[in-house]
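Whatever order the structure lists ligands and atoms in, that order sets their numbers, starting from 1. No experiment lies behind these values; they were computed from the predicted model shown. Counting begins at 1 with the first residue of the sequence.
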Amino acid sequence: MQRDVAVVGAGYVGLPLAVRLAEAGRTVVCLDPDASKMERLNAGDSYIEDVTSADLARLVNDGKLAGTTDETELRDADAILICVPTPLAEHREPDLGAVRSATAAVARNLRKGHTVVLESTTYPGTTRDVLQPMLEEGGLRAGTDFFLAMSPERIDPGRTDFTVHTTPKVMGGITPACAEHAAAVYQGAVDTIVRVSSPEAAELAKLLENIFRTVNIALVNELAMLCDKMEIDVWEVVDAAATKPFGFMRFEPGPGLGGHCLPIDPFYLTWKAREHEFSTEFIELAGKVNGNMPSYCVDRIARVLNDASKSVRGAKILVLGVAYKNDVGDMRESPALPIIELLRERGAVLSYHDPHVASMPELGLDSVALDVATVQQADAVVIITGHNAVDYEMVVRESRSVLDLRNATGRRGLEGDNVRRL
Ligand code: SAJ
């Protein structure tokens, strides 16, 4: 069946993109190796928080959207968008395995007239040096027989103020004709398309966006450690600096850097820069500072217990919030994991409450109910992620000690002699 667009990889990036394109009138097929996900998609049963089953079912029933595990369906699509993960491998080098297998599937089904767009976050040169040769192996040429471009995804799970529709889309083609054809795929589905001169510019723009965040988060994390020594409230300092209406952007200290983007994307550039004998100092320093935050926070917890004449060994510690950021259930690279492991190594007895994470099988823990008894039994309560669906007023009232790593209490006006903050 002929379709306008095929989306390869129907995860937290691919599915919302496919839904947006279908809502904009395109006929879309999602190709994903996970048959259970494709069955759920075809049944109108969403597996992605940002996509409602109602919207999905409507588009599927209208014949606008379908899921498949059959790569030959790529042949009948006019455009193919690759939205697969780009993790780091064992030695923190890029792992393009998913990108290569997706590209190989596209190459096996490539035909004249196809437009192929890479959306996955990656180092500059991936589209030209990895995808283009693979796609041209069969004899077709990018720019004349088919069209190849890069347009980095900017999906922020859970965000509602900016969506696929309203977030500007950066687009760089191997040739101008490639850029033209790729832009046409998104025209009408996204409000703004920002053309850049090459795929490399598009690849690097996305990395800059996320490196900018990791470096600035590391800056405030370093400041938090200095403020602790200087007995200055870093949260008050950040609040004050953030009153500057220009030339400043608010970042907050925390227990470390989690998620599927920030801890990973910058090291794609670090790896590529080495080819040019270039060391990305800011990225590596930020990685060190942010990577050190979990052990720094464990030392702060030990100090809180020590102030109550308690040792870490045998202390009952209740962790509030283990997801990588507020109000999501995603655990990827969450700093809660190393913090809990380090506390356990020192002999603490851990429990946690997270309204978005029912269990942590890798640690053999289930989320406990947050009630007065649970809070009172803890020698210390540690707020690692400041979810909104937590009764911080009760926590402050009933806890012996609270170490708040996110200022979840302070921003709610909750103070107490038993409360310490990062
Ligand atoms: N964090 C801090 N302090 C801050 C901001 C974040 O410690 O001031 C921590 C968070 O707790 C989390 C990690 O950093 O552990 C990453 O947080 P994030 O707000 O950057 O959220 P992400 O990882 O979901 O980043 C996504 C990215 N989106 C894409 O890559 C398309 C990022 O580019 C967005 O800027 C970000 O969402 C966003 O703005 O929400």
Next on the checklist: Please determine whether any non-hydrogen atom of Arg250 lies less than 4.0 Å from an atom of ligand 1.
Outcome noted: no
Checklist outcome for this item: Honestly, for Arg406 the part within reach of ligand 1 (heavy atoms, under 4.0 Å) is side chain
Checklist entry - Which bit of Ile155 is near ligand 1, meaning a heavy atom under 4.0 Å away: side chain, backbone, both or neither? => result backbone
Item to check | Non-neighbouring partners of Thr68 that pass side chain to side chain donor-acceptor pair (under 3.5 Å), sequence neighbours left out | outcome: Glu73
Checklist entry - Is the backbone N or O of Thr280 less than 3.5 Å from a side-chain atom of Thr270, with the two atoms forming a donor-acceptor pair by type? => result no
Item to check | Proximity winner for atom 9 (C) of ligand 1, if only heavy atoms of Leu257, Val328, Asp330, Leu207 are counted | outcome: Leu257
Next on the checklist: So for Glu252, does at least one of its heavy atoms come nearer than 4.0 angstrom to any atom of ligand 1?
Outcome noted: yes
Item to check | Test item, Lys206 contacting ligand 1 (heavy atom, 4.0 angstrom) | outcome: yes
Checklist entry - Taking the six-membered ring for Trp, are Phe147 and His181 parallel (under 30°), tilted (30 to 60°) or perpendicular (over 60°)? => result parallel
Could you give the side-chain donor-acceptor pairs of residues 222-230 under 3.5 Å, partners two or more places apart or in another chain?
unit_1: Asp228; atom_1: OD1; unit_2: Arg303; atom_2: NH2; d: 3.1
unit_1: Asp228; atom_1: OD2; unit_2: Tyr296; atom_2: OH; d: 3.3
unit_1: Asp228; atom_1: OD2; unit_2: Arg303; atom_2: NH1; d: 2.8
unit_1: Asp228; atom_1: OD2; unit_2: Arg303; atom_2: NH2; d: 3.4

Checklist entry - Which word best sums up how the rings of Trp271 and Tyr123 line up, parallel for under 30°, tilted for 30 to 60°, or perpendicular for over 60°? => result tilted
Next on the checklist: Once you restrict to heavy atoms under 4.0 Å, what part of Glu209 touches ligand 1? Side chain, backbone, both or neither.
Outcome noted: neither
